[in-house]
Asker: 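One structure coming up, written as structure tokens, with questions to follow.
Heads up: numbering here begins at 1 and tracks the sequence. Every number for a ligand or one of its atoms is a count from 1 in the order of the listing.
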Amino acid sequence: MTLKTRPGVMEIAPYVGGEASVPGIAKPAKLSSNENPLGPSPKAIAAFRDAAVEMHRYPDGGAEKLRDGIARHFGLEKACIVCGNGSDELIALLTRAYAGPGDEVLFSAHGFLMYRLSALGADATPKAAPEKNYATDMEALLALVTPVTRIVFIGNPNNPTGSYMTAAQMRELRARLRSDILMVIDAAYAEFVEDRDYNAGEELVRAGDNVVMLRTFSKIFGLAGLRLGWAFCPPSVADVLNRIRAPFNTSMPAQAAAVAALEDREHVAKSLAHNKKWRDWLAAELRKLGYVVHPSVGNFLLVEFNDADAADRYLKSRGLILRKMGVYGLGHCLRITVGTEAETRALATAMADYANAKAKAAIVR
Ligand SMILES: Cc1ncc(COP(=O)(O)O)c(C=O)c1O
């Protein structure tokens, strides 16, 4: 007799995070995981250190202070906020709660990988809708809805394409989905979006009982290593998540650091300004060199190559780690996280050298 998993489990290829090292290079630039290049707020670091002396205590399982802080900072109802061990955990919990064998979980083809993996983990069937111009195509999504569709995940903005759907498009999508389909708006990069026609999702959550907005402390707040995400949900969904989550799913130092990170508005403003300046600078430099760079409202850029693997090897040799995109069906692209000024300038120089070398090789041939 051998152990038997549930059917979907062995179909899951383990998630591979962004690479962090290059043999022979002491301090490479890690531009592979959309982290905050300015690091965490010094106030968050201090709060984390202060919390260390209490690490023999269990955390507050209800994350009361943190939920107070989130509610105040974002103007939301505390009872509708549920914290998770990264928004990854919340993606998995929502999928497990609302989909199972025979059910379908729908998302856009180049959507965040965890939507697919969570569906498989819940024994549900993942379904990917084709995109148009590297962006979510509402008609293609709606065309794939069947009587057994239970959840639609929308990365908004989407990682790795950097595109977003407007508030009006999101309202239209909700209106055209059956009311018993849960719409999950994954707004991990919401803080970076300055476009006025964008809404992270709170207005749709409030409008009914079938929309959830997911957010994270991993991106602009610079706390990816602490694993902290949160959901803003209708009370009925919050109730469901609170029943199935682990009782102490977020750690005490993480909660303390996140409260301090929320209060440090200066660090968030600095991170936002840095991202806009260097993302736009880098996109312009790369376009001047002839690269196809997709428009992005996030803290990353998706760039096309003739041979992305060769480009990745070359950039690694220069100490620059980007993210390969094969698992997203974008094998001809690399994703670049906006780094520090020095990292961004070094990348632009290396990409120029690469383009020049390719041009020379083409002439010689
Ligand atoms: C679109 C999207 N959603 C969710 C996450 C996961 O975030 P967390 O670190 O909160 O699990 C990421 C991380 O890269 C992401 O890009």
Side-chain angles (χ1 to χ4, degrees), residues 14-20 30-37 40 44 63 66 70 81-95 105 107-119 121 128 131 134-136 151-165 170 183-193 198 200-201 212-232 241 245-246 249-251 254-255 257-258 261-262 275 294 296-302 321-325 327-328 330 333 335-338:
Y15 183 87
V16 180
E19 291 175 85
K30 185 177 180 238
L31 307 175
S32 56
S33 297
N34 298 347
E35 296 150 348
N36 185 336
L66 174 55
I70 294 169
I81 296 165
V82 179
C83 294
N85 193 249
S87 45
D88 280 345
E89 184 194 25
L90 296 164
I91 292 170
L93 289 176
L94 286 166
T95 310
V105 175
F107 44 85
S108 191
H110 306 311
F112 185 47
L113 209 57
M114 290 307 299
Y115 313 148
R116 169 180 212 88
L117 299 187
S118 298
E131 300 202 345
Y134 295 80
T136 303
I151 305 176
V152 175
F153 279 104
I154 305 287
N156 202 33
N158 189 46
N159 168 28
T161 55
S163 57
Y164 75 101
M165 286 175 77
M170 294 295 274
M183 179 174 173
V184 181
I185 305 171
D186 178 358
Y189 301 93
E191 289 85 358
F192 293 108
V193 189
Y198 172 81
V212 172
M213 170 181 76
L214 297 181
R215 303 287 287 267
T216 183
F217 282 94
S218 300
K219 304 301 171 188
I220 207 162
F221 293 105
L223 303 182
L226 296 184
R227 313 304 304 124
L228 210 45
W230 54 278
F232 178 56
L241 286 174
R245 69 177 174 83
N249 61 335
T250 63
S251 78
Q255 291 177 20
L262 281 173
N275 184 64
H294 292 280
S296 170
V297 295
N299 64 343
F300 53 88
L301 292 170
L302 187 71
I321 308 178
L322 274 52
R323 186 65 161 261
K324 290 168 80 165
M325 290 281 108
V327 286
Y328 284 94
L330 296 166
C333 295
R335 192 192 66 196
I336 308 168
T337 302
V338 177

Asker: Can you label the angle between the Phe221 ring and the Phe217 ring as parallel, tilted or perpendicular, going by 30° and 60°?
Answerer: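 Correct class here is tilted.
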Asker: Does even one non-hydrogen atom of Met114 get within less than 4.0 Å of ligand 1?
Answerer: no
Asker: Counting non-hydrogen protein atoms only, what is the nearest one to atom 14 (O) of ligand 1? Give residue, atom name and distance.
Answerer: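 I find the closest protein heavy atom is Lys219 NZ, 2.9 Å.
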Asker: Just to confirm my output: which protein heavy-atom neighbour is closest to atom 12 (C) of ligand 1, and how far is it?
Answerer: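 Checking every protein heavy atom, the shortest distance to atom 12 (C) of ligand 1 gives Phe112 CZ, 3.4 Å.
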Asker: Among all protein heavy atoms in this structure, tell me which lies nearest to atom 11 (O) of ligand 1, with the distance rounded to 0.1 Å.
Answerer: Arg227 NH2, 2.7 Å
Asker: Report yes or no: does a heavy atom of Asn34 sit under 4.0 Å from some atom of ligand 1?
Answerer: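 Under 4.0 Å: no for Asn34.
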Asker: Among all protein heavy atoms in this structure, tell me which lies nearest to atom 6 (C) of ligand 1, with the distance rounded to 0.1 Å.
Answerer: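 Minimum-distance protein heavy atom for atom 6 (C) of ligand 1 reads Asp88 OD1, 3.3 Å.
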Asker: Looking only at protein heavy atoms, identify the closest one to atom 9 (O) of ligand 1 and say how far it is in Å.
Answerer: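 Sorting protein heavy atoms by distance from atom 9 (O) of ligand 1 puts Ser218 OG, 2.6 Å first.
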Asker: Given Ser87, Gly17, Gly225, which has its nearest heavy atom closest to atom 7 (O) of ligand 1?
Answerer: Ser87
Asker: Is a side-chain donor-acceptor pair under 3.5 Å present for Ser108 with Glu131?
Answerer: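 Distance-only check passes for Glu131 and Ser108.
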Asker: As an exercise, state the distance from CG of Leu322 to CD1 of Ile336, rounded to the nearest 0.5 Å.
Answerer: 5.0 Å
Asker: Check whether any side-chain heavy atom of Asp88 sits under 4.5 Å from a side-chain heavy atom of Tyr15, and report yes or no.
Answerer: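 No, side chains not in contact.
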Asker: Is it the case that ligand 1 has an N or O less than 3.5 angstrom from some N or O of Tyr115?
Answerer: no
Asker: Name the option, out of Asn299, Thr337, Leu214, Asp186, that contains the heavy atom nearest to atom 2 (C) of ligand 1.
Answerer: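 Heavy atom nearest to atom 2 (C) of ligand 1 belongs to Asp186.
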Asker: Give a yes/no on ligand 1: does Tyr189 have at least one heavy atom closer than 4.0 angstrom to it?
Answerer: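 It does; at least one heavy atom falls under 4.0 Å.
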Asker: Testing the 3.5 Å rule here: is there a donor-acceptor pair between the side chains of Asn159 and Arg335?
Answerer: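 Looking only at side-chain atoms, Arg335 and Asn159 do form a donor-acceptor pair, the distance falling under 3.5 Å.
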Asker: In ligand 1, which numbered atoms sit nearer than 4.0 Å to a non-hydrogen atom of Ala188?
Answerer: 2 (C), 3 (N)
Asker: Do the side chain of Asn156 and the main chain of Ala187 share a donor and acceptor less than 3.5 angstrom apart?
Answerer: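 Side chain of Asn156 to backbone of Ala187: no pair is present.
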Asker: For the residue pair Tyr134 and His294, does the interplanar ring angle fall in the parallel (under 30°), tilted (30 to 60°) or perpendicular (over 60°) class?
Answerer: tilted
Asker: Compare all side-chain heavy atoms of Val212 with those of Leu90 and state whether any distance is below 4.5 angstrom.
Answerer: no
